[in-house]
Every structure is written in C-alpha cells, then in structure tokens.
*Asks:* 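Below you will find the structure I want to go over with you.
Note that this is a predicted model, so its numbers are computed, not measured.
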Amino acid sequence: MRNLPVRTARWSARHPWRAIAGWFVFVALCLGTGISVGGNPATTEDFWVGEAGRAERMATEGGLERKPTEHVLIRAESGRPLDLPAARAAARDVTDRMERLPEVASVAAPVRSGDGAALRVPVVLKGAELDGKKNVGPLLEQTREVAAAHPGLVVEETGSPAISKGVNEQRGEDLALSERISLPVTLVTLLVVFGSVVMAGVPLLLALTSIAAALGLSMLASHLLPDPGVGTNLILLIGLAVGVDYTLFYLKREREERARADGRLSSAALVELAAATAGRAIVVSGLAVIVSTATLYLATDVIFSSLATGTILVVAVAVASSLTALPALLVTIGRRTERRAARRAARRAGRPAEGRAAPRPRRQRPEHGRVLSALLRPAQRRPVATLVVSVLAMLALAAPALGMKLVDPGKDTFSRDIPAMQTYDRLTAAFPELKVQHEVVARAAPERAPEVRRALAELGRRASADPLFLPDAGSAVRTSPDGRTSVLVLSVPHFANSQPARDSLRHLRDDHIPATVGQTAGVETAVSGDVARGADYVAHERGKLPLVIGALLLLTFVMTVVAFRSVVIGLLGVGLNLLSAAAALGALVAVFQGTWAEGLLDFDSMGAIASRVPLFLFVILFGLSMDYQVFVVSRIKEARDAGMPAREAVVAGIGASAKVVTSAAVVMVTVFAGFVALHLTEMKQMGFCLALAVLLDAVVIRLLVLPAALLLLGERAWPRARPRTAPPRPPAPAVTGAGTAPPARTAGNVR
C-alpha cells in the first residue's frame, strides 16, 4: 500500500493514453450503469424513528397510514367578500376534474372556513406519502385550468406533495446557481495558481469526471442503502472541493520537482517523485476522510447513511483519478512542453553566437508570498503568545455552540418563494386546524375495539379542553377493518416548530394519553405527526451523537498515529480538529440561531439549528481538516526525515505547503460559500459552516496554532530517528538534458 501511488503513477506514466482512456471508460461505465439500473429511492418506512415511527408502523399495518393530500383553496380577491355560489361552482368543477385523474384516490366534500371567507377541497392521492410529489403535477395543472375558468375567484393548490415538488424544483435551481458561482471562481483561482489555462483545466476536468462517476456509483449503492434524495447534493459539494484539492496538491508538487530538477529529469520521473510524496499524502488524506465519514453509519439513519455513502464514493473516486489519470495527463502535457523547449533550444542553437543575447538568470521565487510570510512570522517569533491568543480566539468563537438548539426542519421553514408555500400560509390562516395534527394510534385485540374507541373519544374531549389544542381538536375515530387499530387526529393551532406545538405533544404523551387510553389494559399507544416526527428524530440523533463522536475521535487518532508514527501528532491533530469544528459550529449558532443576520444572508431564522447539520458537519469537518493536516505534516516529516532539526523542519514544511494549502482552501471556501446563496435554510447553514471551518482551518490552525504548537514541542513531537539502510536504488530515470538526477531525489529514496 505504501508504494501503490508510485507503482500506479509509473504505469500511468509509461502508458499515458491507456490510463487516460481507461479513466474515461471507467467514468462512462459508472455513469451509464447507474443510469441504466436507476436509483432506489427511500420509502416512508425508511424514515420511521422512535415513537412516531412506531405509531406510523402500527397505522400502516392497519391500513390507516397518512395519505398524500392536497388542498384546493378557493377564495375571493383580497379585500372582497366571497361569492359563495360561485365558490361552490368552482368547488364542483375542482371535484369533477380531480375525480377523473388516475392519480387521485378520493375527493372530499368542500369545507368552509370559520370566517366564511374561503372554501377548501381536500384531494387524496394514490400511493405512499412520499410518492405524492411525483404524482401531483396533473392535479396542479387541473387547478390552473379551474382558476382560468373562474376568473372572479382565486383558486390555488397546496399540500405536502405540491410543497415537496416545489422544494425539489427550487433545490435544482439553487444547485445550478451554485455551480455558476463556484466553477468560474475555481477556474480563476487555478489560473492564478498555475498561470496556464491547460494546467488550470486539469483539476476541473478530473473533479467533474469524478463527480460523474460517483453519481453513477451512488445509484448502484442505493440498492443497498436507499437514497432519500440528498446524496446528489453532497456529491456535487464535496466532489468539486476535494477533487480540485487533490489534483492541486499533486500538480503543485510535480511543478516543484520540475523546478528543482531544472530540466534534468523526464516528465515520467517527475511524476514518480510527485507520486512518492503528494500521491502518498493524497491516499492517506482520502482514507482519513473516508474513515471519518463512515462513522455516520453508526447513526442508523437513512439520511446520514446516504450522506456518508455519497461522500465516501466521491472521495474514493477523486483519489483514484489523482493516482491514475492525473499522472498520465501530466506526462502527456510535460512531453509536449519538453518538445517545445527542445525546438526553442534548437532554434537558439542555430543562431550566430554573436547575435544571441545571454540568457537571463531565472528569478528565484520564494516558497510563499509576503502575506503568508507575515502570517507565519508570529508563530516563529513568539510561539507561546501566538498559541495562547489563537486558541482563546477560537474558543471564544466556539462559545455560542454551548447554547445550540436543534430542530427538525419541516415545511414551515421552507422558502416563501415557492408558490405552494405562499398558498400554504393562506390555507393555514383560513383553516388553523391544518397547522399541526397529532395522530394518536392505539392497537389492541379486535374485541377491545369499542372500548378503545370510547377511550380515544375521551382523549379528544380532554385535549379540546387544553388551551394548547383547538376547542374541537378531536376528529372522529377511525378503526381498521380488522378492528385491531384505531386512530384519532388532534388539531393544534400552532406551527410544528413552535414551542406551543412541542408543549402540546408533551401534554399529550405525558398527561392526556396516560389518563385516558393508558388506563385501558392491553392497549399499545403511540403518537405521530409532524411535531412528533421532528421531536423523535432530534432525540434519536442526540442518542447516537456520543457513539459517532467517540468513534470519530478514536479513528482519527489511530489514523494519524499510523500515518506519522507519533502519538503526540495524533493527539495534536485530534485537538486541532476539535477546535476548528467547534469554532465553526459556534459561529453557525451565532449567525443562524438569532435574527440579526436574516437580511444579510437572506433567510428566516428558525430560532435553532437544523438537527442534521451539527453531526454531519462535525464528521465532514474532521475529514476535511485531516486533509490539510496530512499535507502539512507530511511536508514537515519529509524535512525531518531529510535530517533537519525539528524546529527547522516545521518552518520548512509549513512554508513549503502554505501556498498550496491556501490555494486549495480558496477553492473549497468558494464551493461551500456558494451554498449560502441557496434558499433552503438547512443548506445555507451547511455551506456557511463548511466555508468558515475551512477558512479557519487553513489560516488560523495551519498557519498559527499548528506551527506554534510544533515549535514549542520541538523534538518531542517526533519519534527518534532510527538508523536505516538506504533502499535499493531503482534504475536511473530517463533524462531530458545534460546531467543526471542526484541519487537522493530519485523516487525510490523519497519518503
């Protein structure tokens, strides 16, 4: 495994066109196979968690599961009274049209609002709840036709299917916007770094092909782990970031070796040197991200499993592209460059000697610019002060995370730019009983059905007397055909993410059910609904958090120790990763949990953080932080193995890697920051936190905290150098000009 990057690069360098063709064939096979097989979308059952999931399982087994339902709202123009006969005629038109659609299971009688200003027509779709968004299109089209046929009224449609469809469409538009932002900025950054359109295009080409291959593989993987529809977003997000990063590290190292060789080594030999250093670091970094992300499987959640699968696949493919296609591309480009240089040299050699100007001496560029030098200077001159001030600043930034509140985002939190959400607001204003509905499911022996129904009716009367519920909260009790299962729906006039709605769930579970249905022996009860789903999901995540975080810290520590043979480096790496992740999460809470930044970032605060964001970000941030740590510490270890004292090795290694790490960070920050422009608050939170974490990690951690800590630790951070015999020297690499490569710089001797 240690020599795999060198062996792979050597083969690719010797057979560049085979390697390039093989890579594109691999990408085409992955994408083509994935498209032909298709994905396996998650079903409603895959989302069942906690008591709410148990209630939905009981209801489904009794044939009383929640159905995808649309509501056609019929009202007058703003400020005008409702023409009731005209509204009833429009309702009949809606009913007639909807009943003819094959997607519709039933249409209920029109319901008039309490103030008499609106009618609604409930329409139940066929199929499972999650299938509604795929089948709602024809219903929306019929509603538009009814609206056109009744110009004196406002006829509009909303419901979970229409809202889900609108969210998916908005997410697609948002992703396209993010790509339009991130791709040009990434290209400009690469042009600045390399000064060449060809070299700047290589990272983008490999990143985009890696994304394509990972998308195809994710479709295949969904047949083992169902896809809830979020994996694609993450593959695009992480794929562009790490794909460009890995290629950038490899390219910069190859150019560094080319400049050092000064024409004495062939492109193939230079690629081997880059593989022996940057290639190995890429493998270690990719494994670190993969292992870190795999801890998300311990959450036993369909969404986290999908996120983990998408990340693992795209990182693995990005590593493979850096080890196979990239060396081949570099050799191909390098040989063209060498041929051009040879032709130019031949032309110069053919001129008369007196007519030729003496070649200008090549300017030696510093390893890193003045800005980076200035950032590194405090750690070199005053490591204690730098370490203390930097750590205190990061802890201050992390402090708001102690007050983090979690909430499972529901449809109440979606963007109001979606037409179905605007209609939803008008619907719930006219019919407050539709804001939140608790579903109480009771199961007992069939002969107990009358007793269970009486207990549920008593529960409805008790809830109606509770000020947190509507006065007529309880609807009629529904019982399954076999008499085993009964369901009571209780309405609450508060939105699902509000505190009164959560309080109503607590009253229901802790007080009302134990005092009514709970008194009946042999009855199993559970509560579901939007509030219960969210509360149980958050509780489920909190319960899994210690396991995931513990496994993450342990695996990260073990991988670092194995990679660098230093327990001190392992402990330092875990500590620094914790520091950067905590600081980013603290800033996330400070910005999104309050309201002061709503206008600045264009979002409506939920007063909390989306429940999936912290755990996911913590894991991903650990992986991405390991990226930079591996590349920086690898350069330090190279200098250390070359015989430098520890303090000099730290300065040399960080100085050599500072520019490329900063360039990579710019790319990552750009990609992640593009998600702040999206509409979905959950995606905004992820993009903001990831962008800030990468920025903090690349600047504060890698340029201030890490060098200061390593300079203070000195020799104690590294294992004692052991006497070693030189490895067998490989055959001398081919040369392109006069002179030979120094033995110490051959691929076999680079460690």
Side-chain angles (χ1 to χ4, degrees), residues 1-33 194 196 198-214 216-217 243-244 246-258 261 263-283 286 315-343 727-737 740-741 745-750:
M1 285 296 294
R2 181 173 176 80
N3 293 320
L4 177 63
V6 177
R7 292 200 304 269
T8 306
R10 183 179 297 132
W11 185 90
S12 297
R14 291 176 179 174
H15 312 90
W17 291 110
R18 291 186 192 177
I20 294 170
W23 172 251
F24 283 103
V25 168
F26 169 75
V27 172
L29 283 175
C30 291
L31 190 59
T33 305
F194 293 110
S196 164
V198 174
M199 296 302 287
V202 170
L204 273 180
L205 173 66
L206 292 183
L208 294 175
T209 53
S210 297
I211 289 171
L217 292 173
V244 169
Y246 291 162
T247 311
L248 180 61
F249 287 125
Y250 203 112
L251 280 170
K252 289 293 289 182
R253 190 55 186 260
E254 189 268 350
R255 291 190 67 167
E256 182 181 320
E257 299 293 350
R258 183 178 293 275
R264 293 172 300 177
L265 294 179
S266 68
S267 294
L270 293 171
V271 164
E272 283 193 42
L273 286 171
T277 52
R280 285 174 180 162
I282 288 170
V283 171
V315 170
V317 174
V319 170
S321 73
S322 299
L323 299 183
T324 56
L326 180 57
L329 287 169
L330 289 180
V331 167
T332 303
I333 295 170
R335 287 175 178 172
R336 290 180 59 190
T337 303
E338 290 164 2
R339 286 195 295 269
R340 290 174 184 170
R343 286 195 295 267
R729 184 176 300 175
V735 296
T736 58
T740 58
R745 297 301 304 167
T746 59
N749 285 334
V750 176

*Asks:* Working to the nearest 0.5 angstrom, can you tell me the gap between S267 OG and R258 CZ?
*Replies:*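 Between atom OG of S267 and atom CZ of R258 there are 4.0 Å.
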*Asks:* Rounded to the nearest 0.5 Å, how far apart are CZ of F249 and OG1 of T277?
*Replies:* 12.5 Å
*Asks:* Can you give me the closest heavy-atom contact between V317 and A213, atom names plus distance?
*Replies:*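 Shortest heavy-atom separation between V317 and A213 comes out as CG1-CB, 3.9 Å.
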*Asks:* Go through the steps to decide whether N3 and R280 satisfy the test side chain to side chain contact (heavy atoms under 4.5 Å, CB included), and finish with yes or no.
*Replies:* CA-CA 8 Å; N3 293 320; R280 285 174 180 162; 2.8 Å; yes
*Asks:* Which heavy atom of A275 sits nearest to which heavy atom of Y250, and what is that distance?
*Replies:* CB-OH, 3.2 Å
*Asks:* Would you confirm whether T33, through its side chain, and C30, through its main-chain N or O, come within 3.5 Å as a donor-acceptor pair?
*Replies:* no
*Asks:* Look up atom CG in L273 and atom CD in E254, then write down how far apart they are to the nearest 0.5 Å.
*Replies:*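 Separation between the atoms: 9.5 Å.
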*Asks:* Under 4.5 Å between any side-chain heavy atoms of L206 and L326, yes or no?
*Replies:* yes
*Asks:* Where is the tightest heavy-atom contact between A328 and I20, given as atom of each residue plus distance?
*Replies:*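 Looks like CB-CG1, 3.7 Å.
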*Asks:* Is the side chain of T8 donor-acceptor paired with the backbone N or O of P5 at a distance under 3.5 Å, no angle test?
*Replies:* no
*Asks:* Could you tell me whether R253 and E257 have a side-chain N and a carboxylate O separated by less than 4.0 Å?
*Replies:* yes
*Asks:* If only atom types and distance count, is the side chain of S12 paired as donor or acceptor with the main-chain N or O of T324 below 3.5 Å?
*Replies:* yes
*Asks:* Can you tell me how far CG of L251 sits from CG of L330, rounded to the nearest 0.5 angstrom?
*Replies:* 5.0 Å
*Asks:* Would you please test T332 and W17 for side chain to side chain contact (heavy atoms under 4.5 Å, CB included) and show each step?
*Replies:* CA-CA 8 Å; T332 303; W17 291 110; 3.7 Å; yes
*Asks:* Testing R14, R7, H15 one by one against W11 for a side chain to side chain contact (heavy atoms under 4.5 Å, CB included), which residue passes?
*Replies:* H15
*Asks:* Taking all non-hydrogen atoms of both residues into account, name the closest pair between P16 and A13 and its distance.
*Replies:* CD-O, 3.5 Å
*Asks:* For the CE atom of M199 and the CG atom of L329, what is their distance to the nearest 0.5 Å?
*Replies:*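 Answer rounded to 0.5 Å: 9.5 Å.
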*Asks:* Less than 4.5 Å apart, side chain to side chain, heavy atoms only: is that true for R10 and P327?
*Replies:* no
*Asks:* How long is the span from the CG atom in L29 to the CG atom in L217, to the nearest 0.5 Å?
*Replies:*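 These two atoms lie 10.0 Å from each other.
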